[in-house]
Student: 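Take this structure, written in structure tokens, and hold onto it; I'll ask about it next.
Order of listing sets the numbers, starting from 1, for every ligand and every atom in it. We use all heavy atoms of the structure for the numbers below, so side chains are in, but hydrogens, waters and symmetry mates are not. Residue numbers count from 1 along this sequence.
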Amino acid sequence: MKKFWGLCVSIVMIFSILAACSATTSKPESKSDSKGTTSEKSGPKKYAFVFKNTGNPYGEKMQEGFQNAIKETGGEVILRSPDQPTAEGQIQIIEQLINQKVDSITIAGNDNDALQPVLEKAMNAGIKVSSVDSAVNAKSRKVHVNQANPDRIGGALIEGVSQMIGGKGEIAILSATSQATNQNTWIEVMKKELQKPEYKDIKLVKVAYGDDLRDKSVSETEGLLQSYPNLKAIIAPTTVGIAAAGKVLTDKGLVGKVKLTGLGLPSEMATYIENGVCPWMYLWNPIDVGYVAGFTANALVEGKITGKVGDKFTAGNQGDQTIVEDGDGTQVMLGDPFKFDKDNIAQWKSVY
Ligand code: RAM
């Protein structure tokens with residue numbers, strides 16, 4: 001009997017705990033609730049930056065720019081990234097940032113849609129959410145900071161590879177993760193470009209995924225070379241992938257036989273541009289992208305913008321920005337991709 005009453009008491013307790021939990025998680029918090037007490041409100045604003053994963057020098061450069069911007073605005077920066085480039089890892093981090101009551105989250109998304117519930121929860125808690133580099137869907141953020149026009153990126157990569165292989169032969173793409181919004185957008189543009197009559201003799205044989213992990217990108221490159229002995233070129237629209245492919249092609253003595261292009265960091269690719277493995281490649285300045293993302297987050301937090309088309313703000317030394325349309329959402333669009341080759345790589349390799 002004693003045991004029975006004990007059990008009843010435990011069941012009642014479990015139910016009341018569950019009820020309390022669901023009450024706090026399902027209730028959309030008002031802005032003032034989420035900011036907590038008056039003492040929590042004082043002090044510098046907290047700006048979180050969540051990149052795809054740790055250990056990516058490109059991500060570190062963006063973080064550097066973001067930090068510079070937030071320092072100029074007097075805010076506090078929190079840098080977080082999961083070990084692996086997964087949406088799950090980012091969801092855990094965002095839950096923690098919501099509990100920490102940050103003022104703003106800027107994210108390079110590992111998935112377009114999977115982060116929506118947690119980012120909506122963040123926005124309901126009064127946190128200003130924006131994406132940069134790799135977008136999350138329009139419902140998951142106020143605005144996206146886009147590094148360069150995707151049509152120009154995809155167009156330049158296909159035009160470039162066509163020139164490298166004389167408009168004819170098998171090519172493959174070595175991408176990041178299969179869920180990465182930015183790479184998937186660029187791949188879509190490339191596939192569309194390839195339908196143009198001038199590219200009719202180019203055949204895309206495979207899209208491989210190195211997951212922005214060095215070892216996986218190396219083994220995927222080796223796999224491509226093995227499976228497609230007639231491969232003429234690899235396009236890697238990821239800085240991690242292109243550097244790994246550059247190393248594999250160099251080590252295997254394939255300079256001139258299998259061409260390489262894509263999006264690379266000059267600091268990591270100078271060797272492969274100089275040795276001819278990668279005749280040329282493209283990128284933008286990741287420090288500037290992070291910097292503009294920092295000022296975008298600040299403009300949202302300070303209420304200077306809401307993220308709607310036509311909103312204007314000044315991004316420090318990057319000047320005036322205007323928010324424009326982006327499919328069903330809005331974005332800040334930065335410049336065109338920049339071409340790096342033997343003539344200019346020396347002057348950029350120490351910058352980023
Ligand atoms: C990798 C990442 C990043 C992308 C660059 C070009 O570092 O995938 O998101 O923008 O490449």
Student: Below 4.0 angstrom from a heavy atom of Lys52, which ligand 1 atoms are there? Numbered from 1 as shown, please.
Tutor: 2 (C), 3 (C), 8 (O), 9 (O)
Student: Could you list the atoms of ligand 1 found under 4.0 angstrom from a heavy atom of Asn56?
Tutor: 1 (C), 2 (C), 7 (O)
Student: In the protein, what heavy atom is nearest to atom 2 (C) of ligand 1, and what distance, to one decimal place, separates them?
Tutor: Asp212 OD2, 3.2 Å
Student: If we set the cut-off at 4.0 Å for heavy atoms, which region of Thr239 has an atom near ligand 1: side chain, backbone, both, or neither?
Tutor: both
Student: Among protein heavy atoms, which lies nearest atom 3 (C) of ligand 1, and at what distance?
Tutor: Asp133 OD2, 3.5 Å
Student: Should Tyr58 and Val351 be regarded as members of a common hydrophobic cluster, given that ILVMFWY residues are connected when their side-chain heavy atoms come within less than 4.5 Å of each other, either directly or indirectly?
Tutor: yes
Student: For Trp186, is at least one N or O under 3.5 Å away from an N or O on ligand 1?
Tutor: no
Student: With the threshold set at 4.0 Å, does a side-chain nitrogen-carboxylate oxygen contact exist between Lys46 and Asp103?
Tutor: no
Student: Distance under 4.0 Å to a non-hydrogen atom of Gln183: what atoms of ligand 1 satisfy this?
Tutor: 2 (C), 4 (C), 8 (O), 11 (O)
Student: Can you list every pair that meets side-chain hydrogen bond (donor to acceptor under 3.5 Å, both in side chains) and has a residue in residues 202-212, with sequence neighbours left out?
Tutor: Asp211-Lys216, Asp212-Thr238
Student: Between Lys191 and Glu188 (salt bridge meaning N to carboxylate O under 4.0 Å), is one present in this structure?
Tutor: no
Student: What about Asn182: any of its N or O atoms under 3.5 Å from an N or O on ligand 1?
Tutor: yes
Student: Show every side-chain hydrogen bond (donor to acceptor under 3.5 Å, both in side chains) that has at least one partner inside residues 217-236, sequence neighbours left out.
Tutor: none
Student: State the atoms of ligand 1, each with its element, that fall below the 4.0 Å cut-off from a heavy-atom position in Gln147.
Tutor: 10 (O)
Student: One thing to verify: whether Glu268 and Lys247 come together as a salt bridge, which I'm taking to mean a side-chain N less than 4.0 angstrom from a carboxylate O.
Tutor: no
